[in-house]
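One structure is given here, and the rest of the page talks about it.
We number each residue from 1, following the sequence as shown. Whatever order the structure lists them in is the order used to number ligands and atoms, beginning at 1. In this text the structure is predicted, and so the values were computed from the model without any measurement.
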Amino acid sequence: MEAIANRASDATGQQALESIVFLNGDFVPLSQAKVPVLDRGFIFGDGIYEVVPAYAGRLFRWPEHLARLKRSLAKIRIENPYTDTQWLSLIESLLKRHPWSNQFIYLHITRGVAKRDHAFPKSAQPTVFAMSSELQALPQAQREAGVSAVTLDDQRWLHCDIKSISLLGNVLARQAAVDADAAECIQFRDGQMTEGSSSNIWVVRKDEVLGAPVDHRILEGIRVGLMQVLCEACGLTYRTAAISREEVFRANELLLSSATKEVLAITKLDGQPIGSGKPGPVYHKLYQAYQQAIADNRGPEPTMA
Ligand SMILES: Cc1ncc(COP(=O)(O)O)c(C=O)c1O
């Protein structure tokens with residue numbers, strides 16, 4: 001079978017380069033990164049991940065991402081294999097090896113390789129994989145028109161607070177959206193809004209921005225904390241609350257947030273326009289504030305030669 005290589009143009013656009021990834025201490029071309037089939041990530045989905053954006057070479061909200069990575073590891077009882085400095089230096093090294101101005105780093109840690117048995121192995125070493133991809137701006141048309149979403153029953157498990165690599169529930173949810181020609185879904189559990197398949201969801205009512213309660217039913221996106229900061233900067237009220245289906249449909253605006261989509265307007269839900277059917281004033285304010293936060297970002301930048 002032909003090797004799968006992630007090819008990208010360099011900064012001058014003249015040369016193709018194969019993406020370099022990190023696997024268990026080594027930097028290797030993506031096509032040469034191999035994991036044994038008995039890795040518990042492959043066999044059980046037994047691991048966690050992180051997605052960290054970097055703008056102009058600087059990580060954005062790295063302390064918050066690192067804290068969530070440690071929380072996810074602790075929740076599934078994998079010992080953190082690296083120090084904070086080691087995590088940062090491996091990421092810096094990946095950023096340096098790729099020409100894109102804006103990148104996102106994918107970190108993936110599994111419980112490691114062991115004989116197949118559900119219980120934790122006694123002596124497995126965690127597998128650590130990391131790669132960088134170009135963080136591309138969303139198409140202008142999506143920014144201007146917003147995107148469609150569909151409502152779905154949340155059929156995932158009850159540990160959605162863990163950024164688990166076992167993503168089948170999220171995969172099925174996203175596919176249901178794609179099958180309905182929508183970009184995302186808005187899920188409901190027991191009649192209350194939870195989140196999207198890979199984003200947090202926000203309901204705007206006048207100048208109030210409402211999110212789902214931060215508990216085991218949703219992933220606490222790094223943009224959840226950021227949303228609080230941005231709302232404050234924009235003079236908007238931020239609140240978490242139980243939100244019903246009716247309240248979602250009655251929203252003046254609906255928004256989603258994630259590392260790669262930043263903040264984006266949802267303008268249609270199950271085929272019905274939300275509010276004016278166009279990205280509204282709160283979206284525009286928050287998007288501007290988000291861009292300002294990126295411009296003001298003083299997160300770590302690459303220091304290695
Ligand atoms: C299920 C889920 N909720 C929320 C988010 C948003 O999290 P973040 O803001 O950290 O990207 C994601 C991101 O991938 C996600 O997968």
Side-chain angles (χ1 to χ4, degrees), residues 45 47-55 59-73 75 91 102-109 130-133 135-136 138 147 149-178 182-189 192-203 209-231 238 240 243 254-264 266 286-287 289-291 293-294 297 299:
I48 59 99
Y49 74 108
E50 259 308 313
V51 176
V52 193
Y55 295 92
L59 290 170
F60 188 61
R61 298 188 82 79
W62 169 239
E64 290 83 356
H65 280 282
L66 178 62
R68 185 172 66 183
L69 176 89
K70 291 180 184 175
R71 279 202 305 277
S72 295
L73 285 172
K75 282 176 180 177
I91 291 174
N102 299 335
Q103 305 183 32
F104 63 94
I105 300 286
Y106 175 83
L107 301 170
H108 178 113
I109 302 109
M131 66 179 170
S132 179
S133 305
L135 177 56
Q136 290 179 321
L138 292 187
V147 294
V150 288
T151 58
L152 276 188
D153 282 339
D154 195 336
Q155 295 183 333
R156 300 172 304 159
W157 69 335
L158 289 172
H159 294 290
C160 296
D161 51 318
I162 301 171
K163 201 160 168 68
S164 163
I165 61 168
S166 309
L167 284 172
L168 193 51
N170 305 56
V171 166
L172 293 176
R174 170 63 65 81
Q175 189 57 39
V178 168
E184 184 51 301
C185 60
I186 300 184
Q187 299 178 91
F188 293 85
R189 197 189 284 277
Q192 289 178 16
M193 184 186 90
T194 55
E195 61 182 345
S197 65
S198 59
S199 59
N200 292 111
I201 304 290
W202 305 95
V203 170
V209 177
L210 291 168
V214 178
D215 59 22
H216 61 283
R217 292 171 295 184
I218 67 163
L219 180 76
E220 183 176 359
I222 299 309
R223 270 124 290 277
V224 169
L226 180 59
M227 190 59 86
Q228 267 176 278
V229 174
L230 300 181
C231 282
Y238 169 96
T240 59
I243 303 165
L254 284 179
L255 312 173
L256 64 78
S257 64
S258 77
T260 53
K261 299 202 165 51
E262 302 174 349
V263 57
L264 184 63
I266 295 172
L286 288 171
Y287 181 68
Y290 200 114
Q291 299 315 302
I294 293 170
N297 177 34

At a non-hydrogen distance cut-off of under 4.0 Å, which region of Glu195 contacts ligand 1 (side chain, backbone, both, or neither)? side chain

State plainly whether the residues Arg68 and Glu50 are in salt-bridge range, i.e. N to O under 4.0 Å. yes

Counting only heavy atoms, which portion of Ser197 has something under 4.0 Å from ligand 1: side chain, backbone, both, or neither? backbone

Touching ligand 1 at all, Lys163? Heavy atoms, strictly under 4.0 Å? yes

Can you name the atoms of ligand 1, numbered from 1 with element, that are less than 4.0 Å from a heavy atom of Asn170? 1 (C)

Measuring centre to centre across the rings, with the benzene-like ring taken for any Trp, is Phe104 within less than 6.0 Å of Phe60? no

Arg223-ligand 1 polar pair, N/O distance under 3.5 Å: yes

Any donor-acceptor pair under 3.5 Å from Glu184 side chain to Ser198 backbone: yes

So is Asn200 touching ligand 1 or not, going by heavy atoms under 4.0 Å? yes

So, Arg223 and Ser257: side-chain donor and acceptor under 3.5 Å apart, yes or no? no

Any nitrogen or oxygen of Arg68, main chain or side chain, under 3.5 Å from a nitrogen or oxygen of ligand 1? yes

Within a distance under 4.0 Å of any heavy atom of Ala259, pick out the atoms of ligand 1 and give their elements. 8 (P), 9 (O), 11 (O)

Check Glu195 with Arg156, please: is the shortest side-chain N to carboxylate O separation under 4.0 Å? yes

So between Ser257, Ser198, Gly196, whose heavy atom ends up nearest atom 12 (C) of ligand 1? Ser198

Within 4.0 Å of some non-hydrogen atom of Gly221, the atoms of ligand 1 are 6 (C), 7 (O), 8 (P), 9 (O), 10 (O)

Under a 3.5 Å distance rule, please check whether Thr194 uses its side chain to pair with a backbone N or O of Gln187 as donor and acceptor. yes

Using a 4.0 Å heavy-atom cut-off, say whether Thr260 meets ligand 1 through its side chain, its backbone, both or neither. neither

Approximate separation, where rounding is to 0.5 Å, of Ile109 CD1 and Tyr49 OH: 12.0 Å

At less than 4.0 angstrom from any non-hydrogen atom of Ile222, what atoms of ligand 1 do you find? 8 (P), 9 (O), 10 (O)

Out of Leu254, Ile243, Val203, which residue meets the side chain to side chain contact (heavy atoms under 4.5 Å, CB included) rule with Ile186? Leu254

